[in-house]
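Worksheet: one structure, shown below.
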Amino acid sequence: MRAGVVISAQPGVEELAVRAEELGLHSFWVYDTPMVNGDPFVALSLCAKATRRIRLGIGVTSPALRSAPAAASGLASLNALAPGRIICGVGTGNTSRRTLGMRPSTAARLEEFTTALQDLCAGRSTEYREGDRVRDIRFLHTGAHVNTADPIEFVVAALHGPKAAAVAGRRGTGLISVGLLDPTAWHALHDARRHAAQDTPRSPGSGTGSRADTAGSTGSANSAKSANSGGLTDSTGSSNPANPAGATDPTDSADSYVVAPLHLLDEGEDPRGDAARDATGHLVLSLLAFAADTAADTPAFAEQLGPEEREAVRRLLDRRGTTPTAPDRHTKLYPDYLERIAPQDRDLVLPSLMNALALVGTRDDLLARIATLEQAGVDELLTQPVVDPPTEMARLAGLLT
């Protein structure tokens, strides 16, 4: 399995990108959460100028965050700095919206947004709507301004539900998910994507943004996936007019990424000790924050948690000085979101959630769990180093590259 990292956009991020490239990591991502992180386009511009090979990803932008013309301009501008090395994750904006105290976008709007980005970034026109006014738009200046010749890889953010995976299938994109380490859940996502793709007619010559498209036109991308990762490969990047059941579809060569904390245990180290909790706690607390934030409005998620996890949610709310119904709770729950946790919050990093969301173990333990994910069709593991990024990236590279 390939390996990459995701980092909070901030000054100096390009130095970590250079080190990731030196270590042989495949990709380097930054978050797109304006109220929590720096601007991803600024950060990746610095990374693009400082690196030569590593792929650069935004994880993830959304239609509730940026308009399609603005996002496409940023992506195509990055593509001019790092031709053929750009990956764009798109989603409903769960975190970026909730840090504003707002709800995410819908799957329908996500699909419209993804379609527009794919069209514009490939140099095609697309439909743009504001209220009742609808116009066809396209880049009026390319060349030195933006790069629409080298493909950009698109991936759709999905968790357990089939709606986002179906969007990926209809748009021929890859998938990205956070903390999803259940192989059965990945099989379900891939099935939903595949079925949607097979039911979707495609126009000849319409690139999809899958890695088959990317591999077909730039040396910076690997060739398409092997057959044991999800089917036959269309390495030409072209699309068939239709995809009847059993036919090759663009998602056969579209990659899947999982974001998960990773902690390689030293000999004799406690897998539930402070070091393991510090390395994985950022994702565990993000789940607790989400459960706390949505407990009143959409309680279904919190109700799925066990008694110990629900108690941890209650303690988190108490420590942050807020309640599930406070209109300003987002200002209390999300500071330092997805950053290294404070020592006083280590007790909230429950072993059950560590096991569900993170990879912690000996080298053999980690490789065994990663192998099951690879067998489920996951192509790349992305980790977020929060304690000592250079050291953690080196350990990841030593494990997987």
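Being a predicted model, the structure only gives us computed values, none of them experimental.
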Open item on the list: Side chains of Arg97 and Thr92 only: does a donor on one sit below 3.5 Å from an acceptor on the other?
Closed with: no
Task: Atom pair OG (Ser256) and CE (Met1), whose distance is rounded to the nearest 0.5 Å - done: 9.5 Å
Open item on the list: Under a plain distance cut-off of 3.5 Å, with no hydrogens placed, do Ser27 and Trp29 share a side-chain donor-acceptor pair?
Closed with: yes
TODO: Please check if any side-chain donor atom of Glu269 sits under 3.5 Å from a side-chain acceptor atom of His263, or the reverse.
DONE: yes
TODO: Measure the shortest side-chain to side-chain distance between Val6 and Thr383 over non-hydrogen atoms and say whether it is less than 4.5 angstrom.
DONE: no
Open item on the list: If only side-chain N and O atoms count, and only distance matters, is there a donor-acceptor pair under 3.5 Å linking Arg171 with Thr115?
Closed with: yes
Open item on the list: Rounded at 0.5 Å granularity, tell me how far CZ in Arg85 sits from CD1 in Ile152.
Closed with: 12.5 Å
- [ ] State whether Arg277 and Asp274 are salt-bridged, where the test is any N-O pair (Lys NZ or Arg NE/NH1/NH2 against Asp/Glu carboxylate O) under 4.0 Å.
- [x] no
Task: Close side-chain approach of Gln344 to Arg346, heavy-atom, < 4.5 Å - done: no
Open item on the list: Let me confirm one number: the OG1-CG distance from Thr391 to Leu264, rounded to the nearest 0.5 Å.
Closed with: 12.0 Å
- [ ] Find out whether Glu380 and His26 are in side-chain contact, i.e. whether some heavy atom of one side chain is under 4.5 Å from a heavy atom of the other.
- [x] yes
Under 3.5 Å, sequence neighbours excluded: what are the donor-acceptor pairs made by side chains of residues 349-359?
residue, atom, partner, partner atom, Å
Ser352, OG, Glu309, OE2, 2.4

TODO: Return yes if a side-chain donor-acceptor contact under 3.5 Å exists between Thr362 and Asp365, otherwise no.
DONE: yes
Open item on the list: Is the shortest side-chain heavy-atom distance between Phe290 and Thr95 below 4.5 Å?
Closed with: no
Open item on the list: Let me confirm one number: the CG-CZ distance from Leu189 to Arg193, rounded to the nearest 0.5 Å.
Closed with: 8.5 Å
Open item on the list: Does Phe41 form a side-chain contact (heavy atoms from CB on, under 4.5 Å) with Ser77? I'd like the steps, not just the answer.
Closed with: CA-CA 9 Å; Phe41 293 98; Ser77 297; over 6 Å; no
Open item on the list: Are the side chains of Val259 and Ile176 in contact, using a 4.5 Å heavy-atom criterion?
Closed with: yes
Task: Nearest heavy-atom neighbours spanning Asn37 and Tyr31 - done: OD1-CB, 3.3 Å
Open item on the list: So, taking the atom named CG in Asp379 and the one named CG in Leu373, what distance separates them when rounded to the nearest 0.5 Å?
Closed with: 11.0 Å
Side-chain atoms of residues 330-339: list all donor-acceptor pairs with protein atoms under 3.5 Å, sequence neighbours left out, distances to 0.1 Å.
residue, atom, partner, partner atom, Å
Thr331, OG1, Asp328, O, 2.6
Tyr334, OH, Asp293, OD2, 2.8
Glu339, OE2, Ser8, OG, 2.6

TODO: Would you mind reporting whether Leu367 and Leu399 have side-chain heavy atoms less than 4.5 Å apart?
DONE: yes
Task: Within-4.5 Å side-chain heavy-atom neighbours: Glu392 and Gln384 - done: no
- [ ] Indicate whether the side chain of Thr61 and that of Asp32 have a donor and an acceptor atom separated by less than 3.5 Å.
- [x] yes
Open item on the list: Using 0.5 Å steps for rounding, measure from the OG atom of Ser105 to the CG atom of Asn94.
Closed with: 11.5 Å
